[in-house]
Amino acid sequence: MLTTATNRALALPEIVFEILACLEAQAELCPQQIQASLRACSLVSRTWFFDANVFLYRAPYIRHGRGSETKVNTLVRTLTTTNRGLYVRSLSRCKLELWELFPSLDKLFEPCPRLSSISLCFRSGEKGHLMEPFETEAFRTLDTTIAQGMAHIQELDLTSVSINSVDKDDTTYADAALNCISACTRLHKLVTTRADWSNIRTISKHLTDLSISFLAPPDLKTSVALAPSLVNLTSLHLHHAPQAIPAHDFSRVLAQYCRSLTKLDICPESINPQSLETLVLHNQGLVSIYLRNCPDIYTAAVLKHPPQNLEFFDMGTVDSQLILMALALCPKLTSTGKSSPRDNNTVEFWQSFLEKARQIQELHVERWSDFHSKDLFFNTVLPKLGPQLVRIWFGWRDLLGCDELEQVLTSCDRLQVLRAPVKGNGQNLVRCFKVVATRSRLREVRLFGDNVKFCDDDKRRMQRFLPVLCSFST
């Protein structure tokens with residue numbers, strides 16, 4: 001009777017929809033696995049077929065690799081067939097690590113009027129396996145269908161990663177990228193690397209999220225012309241490509257115009273300390289600041305006008321007193337990211353840190369030496385911070401044994417997210433989680449390591465008593 005009731009429940013569209021929605025919610029963490037699972041779900045029954053296809057075609061993900069060109073052609077062909085037309089109209093996101101799709105975008109936009117997010121990533125594969133050259137002429141002009149479709153795009157990813165950048169024409173890539181950006185008049189989020197904005201003329205006035213790695217930033221005059229279109233930014237990631245021109249003029253103008261930032265991620269090549277101080281002063285609503293490889297003067301610039309709502313502040317390797325000052329001046333700081341003391345990395349410093357870290361809920365452990373010693377971390381830091389930690393990340397340099405993993409789990413009663421490198425037998429690792437199964441709040445576990453015997457049966461055993469997304473990679 002129980003089996004019959006279960007089968008009957010799993011045939012109800014409302015329940016099937018909720019199951020598939022939970023599955024889709026995990027797509028950003030492991031898109032390929034989720035796509036495969038949705039494909040399998042579409043083969044269960046007629047009810048599952050109709051609902052699963054909606055999710056399957058809502059956000060297709062095709063990664064560059066062997067057979068990817070065939071998959072792209074199959075996707076475009078499927079979108080234009082009549083029997084799938086009802087499902088693909090729900091498609092709003094499309095992540096394709098292929099520039100080659102661009103000439104076929106007209107075939108993508110026609111059956112998918114709701115398409116609002118697209119990733120046109122140009123990536124190379126493994127070493128020695130560079131991607132085929134894309135059609136340069138397709139980027140010179142946009143036909144009417146593509147232009148109309150791009151005008152509705154709200155999220156655009158123009159990521160470009162290559163092992164050997166000499167094999168690609170930077171000028172052609174820059175023209176193509178600017179062509180895409182100018183066509184997206186309703187753009188809210190833009191992610192682009194190797195960006196050459198020396199000839200940029202216009203950008204969407206609706207932009208709120210900008211993540212950019214400059215190859216050639218705009219000059220001062222062009223930056224002033226673009227600034228009114230960037231006043232609504234809430235998230236800003238300014239990075240710097242190798243051997244690129246510093247973007248200090250662009251960031252200095254942004255510091256004067258931006259007033260709504262909540263997330264900031266910068267490096268010293270993208271902004272100078274004076275502009276950073278002005279930017280923080282004008283954006284006291286900041287909740288996250290990430291300083292990448294920045295000297296101490298950058299941390300000091302932020303702390304001259306510390307945002308009172310700041311929750312995440314990664315200072316990098318800085319003077320120990322700056323870390324203590326940040327804890328004292330930012331009452332809502334819940335994470336110092338990968339911040340570590342350059343000097344005075346002593347027992348006395350960590351005792352002072354623990355006294356001020358009453359609000360810390362997230363901990364990044366890159367290496368044991370960041371905490372003076374491994375013994376100090378397990379005997380002093382973990383017992384004190386463990387009961388209040390919600391998320392903990394361990395770097396890949398120092399592997400956790402089964403006993404150490406169990407100590408982390410038993411010390412952190414509120415832990416929800418765990419990412420750690422491990423060593424040992426898979427069955428022993430499962431036993432560590434079983435110890436805390438009855439009181440665990442874990443919802444995401446990511447384990448990785450070398451030469452660990454962690455088979456599919458071990459994963460299934462773990463998932464029986466832990467309601468978490470568990471993944472393992474070597």
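Small disclaimer: the values here were computed from a predicted structure and weren't measured.
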* So, for L405 and V422, which heavy atoms are closest and what is the spacing to 0.1 Å? -> CD2-CG1, 4.3 Å

* Smallest separation among heavy atoms of F312 and G337, with atom names -> CE1-CA, 3.7 Å

* **4.5 Å side-chain heavy-atom contact, L303 and F313** => yes

* **Minimum heavy-atom distance between L385 and A357, given as atom pair plus value** => CD2-O, 3.8 Å

* Counting only heavy atoms not in R358, do more than 12 sit closer than 6.0 Å to its CZ atom? -> no

* To do: Can you label the angle between the W393 ring and the H364 ring as parallel, tilted or perpendicular, going by 30° and 60°?
  => parallel

* Between V253 and L230, is a side-chain contact (heavy atoms from CB on, under 4.5 Å) present by the stated rule, with each step listed? -> CA-CA 10 Å; V253 174; L230 303 175; over 6 Å; no

* Mark yes or no for whether H237, through its side chain, and D209, through its backbone, hold a donor-acceptor pair below 3.5 Å. => no

* Distance, nearest 0.5 Å, that separates SG of C258 from CG of L210 -> 9.0 Å

* **Separation of L279 CG from R259 CZ (nearest 0.5 Å)** => 9.5 Å

* Asked: With a 4.5 Å heavy-atom cut-off, do C412 and L382 have their side chains touching?
  -> yes

* Can you check whether Q256 reaches H282 side chain to side chain, under 4.5 Å on heavy atoms? -> yes

* I would like to know whether L442 and L415 meet side-chain contact (heavy atoms from CB on, under 4.5 Å); could you show each step before the answer? => CA-CA 6 Å; L442 283 168; L415 197 63; 4.1 Å; yes

* **Between OG on residue S229 and CD1 on residue I203, distance to nearest 0.5 Å** => 7.5 Å

* Asked: So how far is it from D319 CG to Q321 CD, rounded to the nearest 0.5 Å?
  -> 6.0 Å

* Asked: Within the side chain of H248, is there an N or O that forms a donor-acceptor pair under 3.5 Å with the backbone of R252?
  -> no

* When rounded to the nearest 0.5 angstrom, what is the spacing between CZ in F371 and CG in L363? -> 4.5 Å

* To do: Under the side-chain contact (heavy atoms from CB on, under 4.5 Å) rule, what do V347 and Q351 come out as? Steps first, then yes or no, please.
  => CA-CA 6 Å; V347 176; Q351 288 176 345; 3.8 Å; yes

* **Step-by-step salt bridge (Lys or Arg N to Asp or Glu O under 4.0 Å) determination, R342 to D296** => CA-CA 10 Å; R342 182 188 306 106; D296 292 2; 2.7 Å; yes

* Asked: Which atom names give the shortest non-hydrogen contact between I323 and S340, and what distance separates them?
  -> CD1-C, 3.7 Å

* To do: Show the numbers, then the answer: is there a side-chain contact (heavy atoms from CB on, under 4.5 Å) between Y298 and I289?
  => CA-CA 11 Å; Y298 283 78; I289 298 178; over 6 Å; no

* More than 12 non-hydrogen atoms from neighbouring residues, nucleotides or ligands closer than 6.0 Å to NZ on K374, yes or no? -> yes

* Asked: For D343, does the CG atom sit with more than 12 other heavy atoms under 6.0 Å from it, leaving out its own atoms?
  -> yes

* **Q388 vs Q361 side-chain heavy atoms within contact, under 4.5 Å** => no

* Asked: For G285, does its backbone N or O pair with a side-chain atom of N283 as donor and acceptor, under 3.5 Å?
  -> no

* Asked: Just by modelled atom types, is the H305 backbone N or O under 3.5 Å from a matching donor or acceptor in the Q284 side chain?
  -> yes

* Would a 4.5 Å heavy-atom cut-off, applied to side chains only, mark I153 and L187 as touching? -> yes

* Answer whether the closest heavy-atom distance between the side chains of L207 and L233 falls below 4.5 Å. => yes

* **Atom CD1 of I297 with >12 non-hydrogen neighbours under 6.0 angstrom** => no

* Structure fact -> With I271 as partner, the option from L254, L276, L236 fulfilling side chain to side chain contact (heavy atoms under 4.5 Å, CB included) is L276

* Asked: Are the side chain of T334 and the backbone of E311 linked by a donor-acceptor contact shorter than 3.5 Å?
  -> yes

* Asked: Counting only N and O atoms by type, is there a donor-acceptor contact under 3.5 Å from the side chain of E277 to the main-chain atoms of K304?
  -> no

* Is there a donor-acceptor contact under 3.5 Å from the side chain of S270 to the main chain of A247? -> no

* Within-4.5 Å side-chain heavy-atom neighbours: N309 and T262 -> no

* Asked: Looking at S335 and E362, what are the two nearest heavy atoms and their distance?
  -> OG-OE2, 3.0 Å

* Side-chain donor-acceptor pair under 3.5 Å between S373 and D375, yes or no? -> no

* Structure fact -> Nearest heavy-atom approach of L156 to C180 is CD2-CB, 4.1 Å

* Asked: Between H206 and T208, does a side-chain hydrogen bond (donor to acceptor under 3.5 Å, both in side chains) hold up when you go through it step by step?
  -> CA-CA 6 Å; H206 305 284; T208 59; over 6 Å; no

* Aromatic plane relationship, F349 with F353 - under 30° parallel, 30 to 60° tilted, over 60° perpendicular -> tilted

* Asked: In Å, rounded to the nearest 0.5 Å, how long is the span from OG of S288 to CG of L310?
  -> 7.5 Å

* In terms of ring plane angle, is the pair W368 and F377 parallel, tilted or perpendicular, where the classes change at 30° and 60°? -> tilted

* To do: Would you indicate whether the side-chain heavy atoms of F214 and L238 approach each other to under 4.5 Å?
  => yes

